[in-house]
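Remember, predicted model here, so these are calculated numbers, not experimental data.
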Amino acid sequence: MMIEEKDLLGFFKACIEGKVESYSEIMVPVSQDEFPDRFVFSRFNPESVCVLDRYRTVDPLKILFYMPRETVLPVAPDPPMRVVAGAKACDLKAMQVLDAALTGGDFVDPLYKIWRERTVVIGADCTDAADTCHCTLVGGMPHAESGYDVNLSRIDDRFVLDAGSAKGEAFLNVLQSHAKVQPESESDRKRVRDNRRKMTERVQSRNRELDRSDQYARLREDQDKNWPAASETCIGCGACTNICPTCYCLILNDETKAQQFVKVRGYDSCQWHGYARVAGGASPRPRMFERFRNRYLCKFLFMKSNFNLLGCTGCGRCTEACAGNIDFRKVVKRITDGVEMGVVD
Amino acid sequence: MQNPFDVIPAEIYDVVQESPLIRTLRLRPEKPIRFQTGQFMELTLPGIGEAPFTPSTSHFVTDVMDITIMKTGFMTEYVHKAKAGDRVGLRGPFGSCYPLEKFEGKDLLILGGGCGLAPLRSLFLTLLDEVDKYKSITFLAGAKSPKDCVYKEAVPGWKKHPRVTFRRAVDVVPEGETWDEEVGVVTVLLKNLKGNPGDNPAVVCGPPVMMKYGTFDLLKMGYREENIYLSMEKKMYCGHGQCRHCVMGSYYACKDGPVFPYAQIKDEEAIWE
């Protein structure tokens, strides 16, 4: 099935105007006048510039499901169904980590589960790449093969639509009854495949020198040799973890005032000194480079052993957000190369 | 759906000042709380915060719960201002427990120091409730000085118990205080032990440095790595494996622990810090 971009946006407009019963809130990547190449998930507004394809947003998709500040006790009534459109493959893969961590084990985070259930996630193939994009280094591609309810693949000013779940099928049924769609041809499918292959090659070629994907186990072998120099400009601000699509470490604030207990969840960061510190002051990682190293081990080793998924999906946001100008890919290269050259005793 | 952040309200019905820095809150939860000894609870002080503590009562007691807490940080400052009648919250229980079935028929050694005696008292009282199942119980307890010793009222009874060997050591005896038991770090008590470790279990809980050297001494004596049970002290913030603060490599202290056989975690980084 295919739809013209203007018809899809027209459908979104009808949704927010209350003309479509099923969906009342639409979130899309929007570019700002002063930053035409940066996209931020915002409520759909017909006046603003909606960029469904190109590359990932500044903020990770997780902020729409696992928010920086949310009251987890008591839990608010279920929100209405919403649509989040324009999610990229790296973010969709990250949601698999969050699903495993927050709903896949012995406990379920109540709010995350509700947001997941009450959201139709529309993915979109990347048609461009940011400087920091490196999904192909961590087993990903700039288009999703799963993890979406509906996926969009751009061909000129039209999108090929694919459903990836029952929720997605339902969405397409509603869409068809409100907007003009048409069947896609075999040549359209071929163009989608060609575009995907070209984008994949583009991300691969710019990262080829940095590929250490067979050496992540080596990160652990260096305890304190190259990590201090690699983290020299790190100021421990925690931007990298807050903006990471798979980081979900939390702090819990007790905001009880009356009889009803109130608990508010927020983001924590393993880069902060107080993170693992226990009462009395002891900390397993008192030095900055130890906390810096912890993030890499968590992404490549700990999450892998916890969920059998890498904690890095190659979005490159940590590199983009770093105040110390630290490139995540180059750190992995530097440490693993150091181990290979026998710097470690 | 069960909300893992939900709390069971509880009332403090008594406060026992164990030592200048350690006190026991005696709590009556609104509904009984079943736990297995070794597991921990998250204690909420309304409007202040939440922290993990291990009950100090036998797990056969479910209508009330004692929690022994040392004044050592932000949250515990407020614990030491709490008074009888105050309302608090409990979440839990969380984590692994002592494998009592593996202790049956064995000579069990319990080694504890300072506030590490809190979870060990729960274990000890649980064992005493079914004492015939165990061959013998040796409980070695350490403290900084005589006035820092906890559970002063219960100790005379424990010493007289026919199936129990209870010994204590203090690091120092300041002028003006009296002490007729051992002086030195708690591991000095290991020197006079009779018998063969063989396949017998040992349980260790205390400050990190005490756990470390206590474990090493037990290994030297011949205790097996898989028979030494440690209660790991990490920042178990959420209690159910979500917040990752207590992660030790691939393990969560809150979910896979806090009770670990030493053999399981000996190769993880920074376990003693």
So, the part of F307(A) with a heavy atom under 4.5 Å from chain B: the answer is side chain
Below 4.5 Å from any heavy atom of chain A, which atoms of T76(B) appear? Answer side chain, backbone, both or neither. neither
Nearest heavy-atom pair of A279(A) and T72(B): which atoms, and what distance? CB-CG2, 3.4 Å
Pick from P284(A), A282(A), P74(A): which one has the most heavy-atom pairs with chain B under 4.5 Å? P284(A)
Minimum heavy-atom distance V7(B)-L73(A), with the two atoms named: N-CD2, 4.2 Å
Nearest-0.5 Å distance that lies between atom CG in D6(B) and atom NZ in K263(A): 9.5 Å
Inter-residue atom distance Y275(A).OH - C243(B).SG, 0.5 Å rounding: 6.0 Å
Measuring only between side-chain heavy atoms, which start at C-beta, is F261(A) closer than 4.5 Å to R87(B)? yes
S283(A) and K235(B): side chain donor to acceptor below 3.5 Å: no
Going from CG on D109(A) to CG on N3(B), what distance comes out if it is rounded to the nearest 0.5 angstrom? 8.0 Å
Let's test your reading of the structure: which of G73(B), P46(B), P9(B) forms the most heavy-atom pairs below 4.5 Å with chain A? P46(B)
Greatest number of heavy atom pairs closer than 4.5 Å to chain B - which of M303(A), Q259(A), E255(A): Q259(A)
Hey, are R277(A) and E233(B) close enough for a salt bridge, meaning a charged N less than 4.0 Å from a carboxylate O? no
Please determine, among D268(A), L297(A), N294(A), the option with the most heavy-atom pairs under 4.5 Å with chain B. D268(A)
Any donor-acceptor N/O pair, R244(B) side chain to C298(A) backbone, under 3.5 Å: no
Under a 4.5 Å heavy-atom cut-off, does chain A meet the side chain of Y251(B), its backbone, both or neither? neither
Can you tell which part of K71(B) gets under 4.5 Å to a heavy atom of chain A, answering side chain, backbone, both or neither? neither
Ranking D106(A), V75(A), L102(A), L250(A) by heavy-atom pairs under 4.5 Å to chain B gives rank one to L250(A)
Residue part contacting chain A, namely of V88(B), when any heavy atom lies under 4.5 Å: backbone
Note: vs chain A, highest number of non-hydrogen pairs under 4.5 angstrom among G49(B), S250(B), G249(B), G89(B) is G249(B)
Counting heavy-atom pairs under 4.5 Å to chain B, which of V262(A), V278(A), I251(A), N253(A) comes out on top? I251(A)
Cut-off 4.5 Å, heavy atoms of chain A, and the answer for L45(B) is backbone
Minimum-distance pair of heavy atoms, taken over all atoms of F107(A) and P4(B): CD1-CG, 4.1 Å
If one checks every heavy atom of T256(A) against chain B at 4.5 Å, the contacting part turns out to be both
What closest approach, in Å, do L252(A) and Y237(B) show between heavy atoms, and which atom pair accounts for it? N-CE2, 3.1 Å
Under 4.5 Å from any heavy atom of chain A, what part of E50(B) do you find: side chain, backbone, both or neither? side chain
